[in-house]
Student: 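The structure under discussion is supplied below as structure tokens; questions concerning it will follow.
Just so it is clear, the values below take in all heavy atoms, side chains as well, and ignore hydrogens, waters and symmetry mates. Note that the structure is a prediction, hence the values are computed from the model and not measured.
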Amino acid sequence: MTAEPVTSSPPSSPARPTSTVRASLSPSRAADFKTCPLLYRFRSIDRLPERTTVEQARGTLVHAVLERLFDLPATGRTPEAAGDLVAPQWDRLVTEEPELAELFDGADPAAPAEFLRSAAGLLEGYFAVEDPTRLEPAERESLISAVVDDELLIRGYLDRLDVAPDGALRVVDYKTGGAPREAFEARALFQLKFYALVLWRTRGVVPRVLRLLYLRDAEVLDYTPDADELARFERTVVALWRAIEQATARQDFRPRPSRLCDWCSHQALCPTFGGTPPPFPVAAAGADPLRDSRSAPVPPGADE
């Protein structure tokens, strides 16, 4: 489908929150609530700490390398050049977040080197599905946002946005895990539809393609949205937010057991596993518990 200007539903005012905005939501936090309301509470209301996993750190590293790769001249964007970026980018990430250095405490001495090799291996998967010498992204690791329903700010980081000469948009998201089963694929597409909605509302253009690049398996998943679908998706996001509002007012966030529980950091506090959640936080004067707890959405690669 060709991306085209929206005429039946004009875009909302872009990015900057207005005085009516009282809440915000990122695709990661929205997906948390859809997956398990109690997980949303632990992350967005209780703000419980979570230690970064090796898999998450590897995802962040690969995203950082792919962002820097496009700083090079087109002819220099080779597999070798990408491999040369791995160690320096890891050093930069550890400098910015010293706790990452603790990932390998007590591990085999060879673990850090193997970690860097595994990241380089994922980059080989990238070159198997795209030729970066033929691409000039319009935006990389870009924070985008829009206001919907007059008071809800939705926002997130785009891994990459490509713009064709005719103005058509392609949203690209890098995934360092394997190509997913249905449950995980739906979550990934939910994230991209979130971005597509923001772009439609702020730029008046429906993205032509939403593209997921699964680097481990060197697979590409393309999805083509349309304006009617994004209008329905907007209603879904607003309804989801209303459900979060109601759960917050009732202080009632129930667990929703699934296969994803195996990766949850909070099993010790979850009733499904015999735990007890902490007392519901008391908001400070003037604080709004419905505002997304993070000052910015989850950075690229961190929720892989």
Side-chain angles (χ1 to χ4, degrees), residues 1-12 14-15 25-28 30-31 34-35 63 66-67 70 125-132 134-146 148 154-240 297 300-301 303-304:
M1 183 192 74
T2 301
E4 57 187 19
V6 177
T7 56
S8 59
S9 183
S12 304
L25 188 65
S26 68
S28 296
K34 282 168 56 68
T35 299
H63 279 74
L66 290 174
E67 180 185 9
F70 285 99
Y126 169 72
F127 282 92
V129 294
E130 273 196 338
D131 179 0
R134 303 178 62 183
L135 297 169
E136 290 298 339
E139 298 179 29
R140 290 172 279 144
E141 310 295 13
S142 177
L143 178 61
I144 59 172
S145 61
V148 297
I154 58 174
R155 56 184 183 165
Y157 278 103
L158 290 173
D159 285 351
R160 199 178 85 214
L161 182 66
D162 301 333
V163 180
D166 64 357
L169 305 181
R170 178 172 64 193
V171 179
V172 180
D173 196 70
Y174 309 122
K175 295 298 180 186
T176 52
R181 294 184 175 89
E182 184 177 351
F184 293 89
E185 183 176 300
R187 180 185 174 104
L189 283 175
F190 178 88
Q191 178 184 11
L192 288 189
K193 289 178 184 178
F194 211 97
Y195 299 153
L197 174 58
V198 173
L199 292 169
W200 179 41
R201 285 304 183 195
T202 56
R203 307 188 189 192
V205 177
V206 175
R208 178 182 290 172
V209 176
L210 307 179
R211 172 166 292 179
L212 290 161
L213 300 183
Y214 290 101
L215 308 187
R216 180 177 299 171
D217 297 330
E219 293 188 13
V220 178
L221 173 64
D222 281 348
Y223 186 83
T224 300
D226 59 39
D228 288 342
E229 179 181 14
L230 292 183
R232 291 193 299 271
F233 184 76
E234 182 174 1
R235 292 193 292 272
T236 297
V237 170
V238 171
L240 181 66
D303 61 345
E304 290 290 325

Student: Report the C-alpha separation of L221 and K175 in whole Å, then their side-chain angles, then the decisive distance to 0.1 Å, and conclude whether the side-chain contact (heavy atoms from CB on, under 4.5 Å) test is met.
Tutor: CA-CA 11 Å; L221 173 64; K175 295 298 180 186; over 6 Å; no
Student: Compare all side-chain heavy atoms of K34 with those of T236 and state whether any distance is below 4.5 angstrom.
Tutor: no
Student: Considering all heavy atoms of both residues, which atom of F194 and which atom of S26 are nearest to each other, and what is their separation?
Tutor: CZ-C, 3.8 Å
Student: Donor-acceptor pair, H63 side chain versus Y174 backbone, under 3.5 Å?
Tutor: yes
Student: Determine the minimum heavy-atom distance between A218 and G125, stating which atoms define it.
Tutor: CB-O, 3.9 Å
Student: What pair of heavy atoms forms the shortest contact from P27 to G156, and how long is it?
Tutor: CD-CA, 4.2 Å
Student: Compare all side-chain heavy atoms of L161 with those of L199 and state whether any distance is below 4.5 angstrom.
Tutor: yes
Student: Taking D162 for the side chain and R170 for the main chain, is one N or O donor matched with an acceptor at less than 3.5 Å?
Tutor: no
Student: Using side-chain contact (heavy atoms from CB on, under 4.5 Å), reason through L66 and L215 one step at a time and then give a plain yes or no.
Tutor: CA-CA 11 Å; L66 290 174; L215 308 187; 4.1 Å; yes
Student: Identify the heavy atoms of T202 and A146 that sit nearest to each other, and give their distance.
Tutor: CG2-CB, 3.6 Å
Student: Quick one, D228 with R232, criterion side-chain contact (heavy atoms from CB on, under 4.5 Å). Give me CA distance, side-chain angles, the key distance, then yes/no.
Tutor: CA-CA 6 Å; D228 288 342; R232 291 193 299 271; 3.8 Å; yes
Student: Atom CG in L213, atom CG in D159: separation rounded to 0.5 Å?
Tutor: 9.0 Å
Student: Quick check for you: to the nearest 0.5 Å, what is the distance between L210 atom CG and L189 atom CG?
Tutor: 7.5 Å
Student: Could you check R155 against V198 for side-chain contact (heavy atoms from CB on, under 4.5 Å), going step by step and ending with a plain yes or no?
Tutor: CA-CA 7 Å; R155 56 184 183 165; V198 173; over 6 Å; no
Student: When rounded to the nearest 0.5 angstrom, what is the spacing between CD in E234 and CH2 in W200?
Tutor: 6.0 Å
Student: Would you find a donor on one side and an acceptor on the other, under 3.5 Å apart, between the side chain of R140 and the backbone of E67?
Tutor: yes
Student: About how many Å separate CG of L240 and CZ of F233, when rounded to the nearest 0.5 Å?
Tutor: 9.0 Å
Student: Between Y223 and E229, do the side chains contain an N or O donor and an N or O acceptor separated by less than 3.5 Å?
Tutor: yes
Student: Which pair of non-hydrogen atoms, one from P132 and one from Y126, has the smallest distance, and what is that distance?
Tutor: CB-OH, 3.6 Å
Student: Using modelled atom types and a 3.5 Å cut-off, is there a donor and acceptor pairing between side-chain atoms of Y195 and backbone atoms of Y157?
Tutor: yes
Student: What's the shortest heavy-atom distance between L230 and K193, and which atoms?
Tutor: CD2-O, 4.1 Å
Student: Report the distance from atom CD of E139 to atom CG of L169, rounding to the nearest 0.5 Å.
Tutor: 9.0 Å
Student: To the nearest 0.5 angstrom, please state how far the CZ atom of R208 sits from the CG atom of D166.
Tutor: 4.5 Å
